[in-house]
There are 2 protein chains.
Amino acid sequence: MLDERTERVLWAVIQSYIENPDPVGSRYVTKKYAFSYSPATIRNIMADLEDMGYLKQPHTSAGRVPTDKGYRYFVEHIISRDIGYDERLVEELERRIKNMVEDMDGVLNEATKTLSTLSHFLGLAISPGPEGSTLRRIELVPYKDDRIAVLILTDEGVIKHKIIKNEFSLTANDLSSIAKYLNREFTGYTIKEIRNQLVKELAEDKNLCDTLIERALKLCHESLDEYGANVFITGLSSILDLPDFTDIEKIKELSKAIEDKHKMIKLLDRIVQTEGVQVVIGSENPIKEMSAMSIIASTYKDKDRPAGIVGVIGPKRMDYKAVITLVDTAARYLSKIFEEGGGK
Amino acid sequence: MLDERTERVLWAVIQSYIENPDPVGSRYVTKKYAFSYSPATIRNIMADLEDMGYLKQPHTSAGRVPTDKGYRYFVEHIISRDIGYDERLVEELERRIKNMVEDMDGVLNEATKTLSTLSHFLGLAISPGPEGSTLRRIELVPYKDDRIAVLILTDEGVIKHKIIKNEFSLTANDLSSIAKYLNREFTGYTIKEIRNQLVKELAEDKNLCDTLIERALKLCHESLDEYGANVFITGLSSILDLPDFTDIEKIKELSKAIEDKHKMIKLLDRIVQTEGVQVVIGSENPIKEMSAMSIIASTYKDKDRPAGIVGVIGPKRMDYKAVITLVDTAARYLSKIFEEGGGK
DNA sequence: TATTAGCACTCTATGGAGAGGAGTGCTAAA
DNA sequence: TTTAGCACTCCTCTCCATAGAGTGCTAATA
């Protein structure tokens with residue numbers, strides 16, 4: 001643990017570096033943060049901090065810059081003490097989503113935009129995977145020719161529609177019976193359970209003739225196929241205005257990383273394993289292309305079940321306290337919204 | 001009009017510049033393109049081309065670079081002669097969308113990805129506005145509490161679902177009657193017609209008591225609300241690899257432009273007024289932030305009606321022939337696909 | 001013992017000078 | 001009409017010197 005004075009110096013360096021991405025010198029620290037010690041003393045302390053790995057010098061005669069470990073120390077303190085509540089975020093969100101009813105994707109999209117606007121970084125949200133949602137109702141509607149429109153409604157407001165081929169030439173009546181059967185059989189189960197069940201039953205019945213039930217199961221199986229989570233990332237242009245992104249290579253890496261949505265989901269699932277705001281600083285990130293960035297993310301709940309993820313991606317040099325507060329507020333707000341049942 | 005020799009020189013300069021973004025000198029042109037004239041002669045011709053505004057010099061002692069007018073001259077010749085057919089595009093698209101059924105947005109998304117991959121620029125697609133689609137069927141399904149799930153199916157495969165509040169506490173029976181009424185009344189009309197009709201009827205009936213019909217109309221009106229076109233833009237990271245984007249400011253401008261989807265729709269609607277591939281070169285673009293870019297776009301049809309737009313955005317310095325061919329092929333292919341009725 | 005003043009040292013950033021080079025325009029000859 | 005020759009322009013790169021910021025160390029101080 002650091003003694004209080006050392007900690008204050010670390011804090012001052014980080015604070016200053018966040019405001020302005022120039023290496024911080026000892027003289028500057030004493031003046032700006034009104035230390036009652038001379039620059040020489042501060043220099044000694046900063047040398048200590050460098051030995052311990054909290055700061056480093058870009059080159060011999062430059063000031064100091066925080067390391068990932070330095071940020072980490074700083075962030076631990078914030079998380080254990082200072083998470084507040086961001087009024088503006090809630091107001092802005094209220095305003096934006098007031099006309100949305102049960103449109104979770106729409107709400108999440110607005111949430112990323114708001115997070116991006118308020119943080120000036122990338123706003124990020126992942127919709128709940130369907131696995132945990134509970135089926136409420138499934139509708140089969142004849143479309144045209146040999147097509148069927150399937151509408152899937154879940155308790156959590158996750159909805160999906162899909163058009164599939166009607167390979168068995170089912171009539172409207174057949175469809176209605178099948179829908180009744182499926183609703184009776186599967187309502188109240190989670191998508192995951194249903195999918196498992198389907199695989200099992202289809203395997204067992206493999207050798208039976210084409211009963212209506214088998215067709216129903218196949219239809220259902222096809223409908224639940226490719227029923228994946230959505231990723232929303234907003235704000236690339238605002239992040240480019242930061243002085244941190246003068247290097248084209250960094251921009252390329254970042255834009256590649258966020259274009260690969262699949263990778264993004266995997267990354268965030270890995271990060272957000274436990275409850276509460278999670279902070280990943282620079283090289284703590286398993287994706288090495290993002291080692292210049294930090295991720296602040298949290299899960300939001302949907303009917304008391306951890307559902308999707310919401311967060312902010314920005315440069316390591318960020319106002320962690322503000323962003324953590326922002327993300328925490330967003331996660332809580334979304335949880336509240338979805339608990340009440342959709343938009344408003 | 002330019003005489004043949006002059007035209008060949010213009011062609012050579014553009015060709016060379018497209019391969020490599022360095023100003024093109026007279027000596028280089030004679031050697032690389034095996035002209036039977038000396039550099040001095042070529043110099044004279046290039047000076048003429050500069051006087052006419054087809055070429056310009058970045059500075060006195062540099063080679064020449066094509067102007068927008070130069071590209072334009074070049075492009076007119078391509079469009080009137082050389083639009084081919086891009087085999088790879090079609091193969092790639094076939095492969096990607098073979099499992100998509102009636103999912104127009106999915107198809108368009110894959111189309112932009114493919115265009116981006118093959119052109120190395122930004123792939124772009126806009127889904128049809130709903131205005132022209134013909135309603136095929138509308139379904140009302142009770143969801144939970146006071147919510148109703150609405151499923152709208154159109155002839156063109158544009159589908160939408162929405163959850164709306166049930167402000168009138170309608171029962172499942174009411175809903176079924178309402179759906180029947182709406183289907184009887186509106187099937188076969190375009191969304192635009194229906195919307196107009198609704199506005200009219202609702203205005204007329206304003207003073208009547210809440211009949212079921214009025215409720216139906218209101219419900220319908222609410223469902224058609226906010227039923228807009230989607231914009232798909234893919235490939236920012238691949239375009240950043242080009243030597244044209246060493247300037248951060250350009251990247252910022254571009255990323256801002258493509259984030260503003262609303263503006264993008266307006267822009268493209270304006271560009272693509274007539275049939276066939278349209279080419280907008282640099283400053284011909286009304287959005288001045290995009291004056292370093294060219295846009296190649298075309299409409300695709302959906303059941304013989306011009307529907308949405310598909311295209312490529314890249315630097316002015318692009319292989320117009322290849323990209324025009326690519327976009328034209330994509331537009332034709334999409335038209336074919338949608339005519340047949342969805343994915344495959 | 002902890003702090004501080006002083007100072008030599010290191011490294012970067014900046015800007016100017018000069019060389020090198022690419023390409024032009026012009027002139028005069030073929 | 002074409003071309004060779006040449007002077008000229010302007011960019012780019014490198015080198016170098018200088019200024020400035022900030023450090024680490026040493027010795028003095030409270």
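In the text below, chain A, chain B and the rest are named by the order of the sequence lines, each starting its count at 1. As the structure is a computational prediction, the values presented were derived from the model and not from experiment.
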List the atom pairs, donor and acceptor, that lie under 3.5 Å between side-chain atoms in residues 10-28 of chain B and the rest of the protein, sequence neighbours left out.
residue: B:E19; atom: OE1; partner: B:K32; partner atom: NZ; Å: 3.0
residue: B:S26; atom: OG; partner: B:R43; partner atom: NH1; Å: 3.3
residue: B:Y28; atom: OH; partner: B:K32; partner atom: NZ; Å: 3.4

Here the distance between atom P of C:dA2 and atom CG of A:D48, to the nearest Å, is 12 Å
Those residues at least two apart in sequence (or on a different chain) that pass ring pair (Phe, Tyr, Trp, His ring centres under 6.0 Å) with A:F121 are none
Quiz item: Which word best sums up how the rings of A:Y71 and A:Y320 line up, parallel for under 30°, tilted for 30 to 60°, or perpendicular for over 60°?
Solution: tilted
Counting only pairs under 3.5 Å, give me each side-chain donor-acceptor contact of residues 268-276 of chain A, with atom names and distances, residues two or more places apart or in other chains.
residue: A:T274; atom: OG1; partner: A:Q278; partner atom: NE2; Å: 3.0

Note to self: Tell me whether A:R8 forms a cation-pi arrangement with A:F35, defined as NZ or CZ under 6.0 Å from the six-membered ring centre and within 45 degrees of its axis.
What the structure shows: yes
In B/S/- notation (B base, S sugar-phosphate only, - none; protein heavy atoms under 4.0 Å), nucleotides 20-28 of chain C written 5' to 3' is --BSBB---
When rounded to whole Å, the NE2 to P distance for the pair A:H59 and D:dA21 reads 13 Å
Determine whether the side chains of B:D328 and B:T325 contain a donor N or O and an acceptor N or O closer than 3.5 Å. no
Quick test of your reading of the model: are A:E284 and A:R72 salt-bridged, counting only N-O distances below 4.0 Å?
yes
Across all chains, not counting sequence neighbours, the side chain to side chain donor-acceptor pair (under 3.5 Å) partners of B:D68 are B:S283, B:K316
In numerical order, the residues of residues 32-39 of chain B whose heavy atoms come under 4.0 Å of DNA chain D are B:S36, B:Y37, B:S38
In whole angstroms, the gap separating C1' of C:dT1 from CZ of A:R5 amounts to 12 Å
